[in-house]
Amino acid sequence: MNKLLKHILLSTAAILATVTFTTSAADASVHKAATSTIHRRTALTYRYAKKMLKENKTGLSGKTSAIFSRKLYPDTGAASGYSDFLLGLRGNHYKFTSHEKNLLRKNPVVKSSTPAASLANAVMAVQAMGMNATNFKLYHHKKGTNLVSRLYRTSISKQTASSQAETLIAVSMSSRFKRPSGAKFSKASLSARLVKSQLKNNGWTYNNAQGAKDADVTSMVLTGLYRGKSNTSTVESSIQKGQKFLYRLAQGNGAFGYTYAGKTTPNANSTAEAIIALSNNSATKKYVNTTAMRTGQKATPLYAMLRYVNNSGSIKKATSQLYGVGQVNLAVAAYKAALKNRSVYAIQ
């Protein structure tokens, strides 16, 4: 075991050991992820993620492709899910090499037509790797590009709720991110826009379909609203209603899933998104691995999510290991940050 991995496991143990919770009889009946399980499963998927990055592959077996490639991804320069993948590594204390940083510097595509969601992912990826999104220097370029200003000046009106949430998370990552003149939105106006798109059932969906249940998008929007930190009564009310909607979507085994034609399929990614949302609010982090959210819940989301980690470190039934491994690592990192009263997205 290398020194970095030992540091991660020891620091996680120290965090978990110093946190005390009030436990009721109901809480005691909920299966929680044991400290040893968190250590073991996190170590497995963290190692897997490091190998993926080293080989620049979206997986280590089966049909895979490159993570970074302008040829394969002419519109973005990287595979979908790359920013969460990098944030997950960063949140677990990975130190990116110059070679790995250059993969990002050589490949991202930033054009006048680049949509807000793509720019938001670029901002998050650059910050995750320890570079500066307000002065990002592409490979062999002496002059830096302010990706944050570009994002602020990009229209978000036709973006989906999940893309708008990503945008709000991205511009809220650092206190050094300033809204430029000519901005198409502010954090407050974007928060208000997300509140306006909240459905009658108090959740959010990818396509704004009334009556649909979408744990993933609801979790992303809640994370965005938490990070936007708008303290208006309208936003606060929207958050509270959205939280209650999310709680109702928790399965009996603690997992979350996607719902299609009335059937919900629990999975690691949906569960990870919920954990990230719960971890980014001080009042809800207890639901990650301590307290049940609703009647009939027999296990916590963290317990459920870690059961999807294979012995190889890959994620069971993940449609993409870049998404699966990336979001599981990010969820664990988000919870560890929450135990220190921080956010995994706060990167100065």
Side-chain angles (χ1 to χ4, degrees), residues 70 72-84 108-127 133-134 136 145-173 177-230 232 234-235 238-239 241-242 245 258-260 269-270 273 276-277 320 323 327 345:
R70 293 175 71 95
L72 290 177
Y73 319 107
D75 293 327
T76 59
S80 296
Y82 79 105
S83 61
D84 280 356
V109 177
V110 180
K111 302 180 290 189
S112 58
S113 59
T114 299
S118 297
L119 284 171
N121 278 288
V123 169
M124 288 190 276
V126 169
Q127 289 293 110
T134 64
F136 177 57
T145 299
N146 190 330
L147 297 175
V148 178
S149 291
R150 279 181 177 256
L151 177 54
Y152 264 119
R153 293 185 178 121
T154 302
S155 175
I156 46 87
S157 60
K158 294 183 179 180
Q159 296 284 288
T160 62
S162 57
S163 294
Q164 290 173 356
E166 286 181 316
T167 298
L168 186 53
I169 293 169
V171 297
S172 303
M173 291 185 80
F177 289 177
K178 305 301 181 184
R179 185 166 65 98
S181 60
K184 297 290 181 67
F185 62 90
S186 65
K187 287 190 284 187
S189 69
L190 185 47
S191 295
R193 183 182 288 273
L194 285 167
V195 169
K196 190 175 181 180
S197 65
Q198 190 167 21
L199 304 176
K200 292 179 181 178
N201 63 14
N202 294 326
W204 288 266
T205 64
Y206 180 81
N207 59 1
N208 292 336
Q210 288 289 352
K213 297 178 180 179
D214 193 327
D216 295 66
V217 176
T218 297
S219 296
M220 289 181 66
V221 172
L222 284 173
T223 299
L225 291 175
Y226 296 149
R227 297 298 301 146
K229 296 181 180 179
S230 176
T232 67
T234 303
V235 171
S238 175
I239 287 174
K241 290 186 290 186
F245 174 77
Y258 66 84
T259 302
Y260 179 73
N269 292 83
S270 299
E273 288 283 10
I276 293 166
S320 161
Y323 267 120
Q327 291 192 326
Y345 293 110

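As the structure is a computational prediction, the values presented were derived from the model and not from experiment.
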* To do: For residues T205 and N208, report the shortest heavy-atom separation together with the two atoms involved.
  => OG1-N, 2.8 Å
* Please examine the side chains of S197 and W204, heavy atoms only from C-beta on, and report whether any two atoms are closer than 4.5 Å. => yes
* **Minimal non-hydrogen separation, K187 against S172, with atom names** => CD-OG, 3.2 Å
* To do: List the steps, then state whether side-chain contact (heavy atoms from CB on, under 4.5 Å) holds for E166 with M124.
  => CA-CA 9 Å; E166 286 181 316; M124 288 190 276; 4.3 Å; yes
* **L194 backbone acceptor or donor facing Q164 side chain under 3.5 Å** => no
* Locate the shortest heavy-atom distance separating A277 from S219; write the atom from each residue and the value. => CB-O, 3.4 Å
* To do: Would you indicate whether the side-chain heavy atoms of K184 and I156 approach each other to under 4.5 Å?
  => no
* For A125, all residues meeting side-chain contact (heavy atoms from CB on, under 4.5 Å), sequence neighbours excluded -> Y82, S83, L86, L104
* Asked: Would a 4.5 Å heavy-atom cut-off, applied to side chains only, mark Y206 and D216 as touching?
  -> no
* Interatomic spacing from OG in S163 to CG in N121 - rounded to 0.5 Å -> 8.5 Å
* **Residue pairs passing the side-chain hydrogen bond (donor to acceptor under 3.5 Å, both in side chains) test where at least one lies in residues 220-229, sequence neighbours excluded** => Y226-Q243
* Asked: Does D84 reach the main-chain N or O of Y323 with its side chain, forming a donor-acceptor pair under 3.5 Å?
  -> no
* Asked: Between atom OG of S270 and atom CG of D214, what is the distance when rounded to the nearest 0.5 Å?
  -> 8.0 Å
* Under the side-chain hydrogen bond (donor to acceptor under 3.5 Å, both in side chains) test, residues paired with T134 that sit two or more places apart -> N132
* Using ring-ring contact (aromatic ring centres under 6.0 Å, His included) as the criterion, list what pairs up with F185, not counting sequence neighbours. => Y152
* **Set of side-chain contact (heavy atoms from CB on, under 4.5 Å) partners for K213, sequence neighbours left out** => F245, L249, T259
* **Closest approach of V235 to S191 (non-hydrogen atoms, all atoms of both residues)** => CG2-CB, 4.2 Å
Please tabulate, one pair per line, all N/O donor-acceptor pairs under 3.5 Å involving side-chain atoms of residues 109-117, not counting sequence neighbours.
| unit_1 | atom_1 | unit_2 | atom_2 | d |
| --- | --- | --- | --- | --- |
| T114 | OG1 | K111 | N | 2.7 |
| T114 | OG1 | K111 | O | 3.2 |

* Value rounded to 0.5 Å, distance of CG in L225 from CG in L190 -> 8.5 Å
* To do: Quick one: list whatever passes side-chain hydrogen bond (donor to acceptor under 3.5 Å, both in side chains) with T154, sequence neighbours left out.
  => none
* Just jot down the side-chain hydrogen bond (donor to acceptor under 3.5 Å, both in side chains) partners of Y258, sequence neighbours excluded, or say none. => none
* Where the side chain of R193 meets the backbone of A161, is there a donor-acceptor pair that is under 3.5 Å apart? -> no
* **Partners passing side-chain hydrogen bond (donor to acceptor under 3.5 Å, both in side chains) against Q198 (at least two apart in sequence or in another chain)** => S238
* Positive for side chain to side chain contact (heavy atoms under 4.5 Å, CB included) with F177, one of L147, N146, L151, V123 -> V123
* T160-S162 side chain donor-acceptor pair, cut-off 3.5 Å -> yes
* Name all residues meeting the side-chain contact (heavy atoms from CB on, under 4.5 Å) criterion together with A192; count only those two or more places apart in sequence or in a different chain, and write none if there are none. => none
* Nearest non-hydrogen partners of A209 and L199, listed with the distance -> O-CD1, 3.3 Å
* Over all heavy atoms of both residues, which pair between N269 and Q327 is shortest? Give the atoms and the distance, please. => ND2-OE1, 2.8 Å
* To do: Identify, with sequence neighbours excluded, every residue that meets side-chain contact (heavy atoms from CB on, under 4.5 Å) alongside A188.
  => S186
* Verify, without hydrogens or angle tests, whether R70 (side chain) and P108 (backbone) share a donor-acceptor contact under 3.5 angstrom. => yes
